[in-house]
Amino acid sequence: GFSDGLRVELRGHGVRVCQICPGPVDSEFLEIAGNPTRRNVPSFFQMSTRACAKAAIATFDQDRALLIPALWMKIALALEALTTRWLLQWLYKPIASYLRRLSSASASD
């Protein structure tokens, strides 16, 4: 919603807005942001930084609003869009609680 709002507001002002949803990218993000699970994302789920950047630039050049380059990410987002909100909240609640506990435990270490 935020990206869409910016895109609409800035149209005609020489500013382009493109939302990039690549999923896991093989970068130092988790090292810097923190990874409470301390588990690595399987390499077959990750896309390279080069592939992500190339896809993002191509999408930006085409003035498209959204890029979801990975097929498995497209499938996951489509399934989420088809799922009712209450079911998503029911599914996400225990995951969020688990991640908060892990994050608290790693912060106290």
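Reckoned from all heavy atoms, side chains included, excluding hydrogens, waters and symmetry mates. We're numbering straight along the sequence, starting at 1.
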Checklist line | Residues in side chain to side chain contact (heavy atoms under 4.5 Å, CB included) contact with Glu9, at least two apart in sequence or another chain | finding: none
Checklist line | Any residue meeting side chain to side chain contact (heavy atoms under 4.5 Å, CB included) with Ala96, in chain and number order, not counting sequence neighbours | finding: Arg100
ILVMFWY cluster membership beyond [X] - transitive side-chain contacts under 4.5 angstrom:
{"X": "Val15", "result": "Phe2, Leu6, Leu10, Val17"}
{"X": "Met47", "result": "Val25"}
{"X": "Leu71", "result": "Ile75, Leu79"}

Checklist line | Counterpart residues, ring-ring contact (aromatic ring centres under 6.0 Å, His included), relative to Phe60 (two or more places apart) | finding: none
Next item on the list: Let me see the working for Cys18 and Leu66 under side chain to side chain contact (heavy atoms under 4.5 Å, CB included), right down to the final yes or no.
Entry: CA-CA 6 Å; Cys18 178; Leu66 175 65; over 6 Å; no
Note to self: Could you check whether atom CZ of Phe45 has more than 12 heavy atoms from other residues, nucleotides or ligands sitting under 6.0 Å from it?
What the structure shows: yes
I need the [X] [atom1] to [Y] [atom2] distance, nearest 0.5 Å.
{"X": "Thr59", "Y": "Ile20", "atom1": "OG1", "atom2": "CD1", "answer": "5.5 Å"}
{"X": "Gln62", "Y": "Ile57", "atom1": "CD", "atom2": "CD1", "answer": "12.0 Å"}
{"X": "Lys93", "Y": "Gln89", "atom1": "NZ", "atom2": "CD", "answer": "10.0 Å"}
{"X": "Leu88", "Y": "Leu82", "atom1": "CG", "atom2": "CG", "answer": "10.0 Å"}

Checklist line | Least distance between heavy atoms, Pro69 atom then Cys21 atom | finding: CD-O, 3.6 Å
Margin query: Considering only residues two or more places apart or on different chains, which pairs with a residue in residues 63-90 satisfy salt bridge (Lys or Arg N to Asp or Glu O under 4.0 Å)?
Written below: Arg7-Asp63
Item checked: Pairwise salt bridge (Lys or Arg N to Asp or Glu O under 4.0 Å) hits with a residue in residues 10-32, at least two apart -> none
Margin query: Just to verify, what does Thr84 make a side chain to side chain donor-acceptor pair (under 3.5 Å) with, not counting sequence neighbours?
Written below: Trp86
Next item on the list: Under the side chain to side chain donor-acceptor pair (under 3.5 Å) rule, collect the residues that match up with Trp90, sequence neighbours excluded.
Entry: none
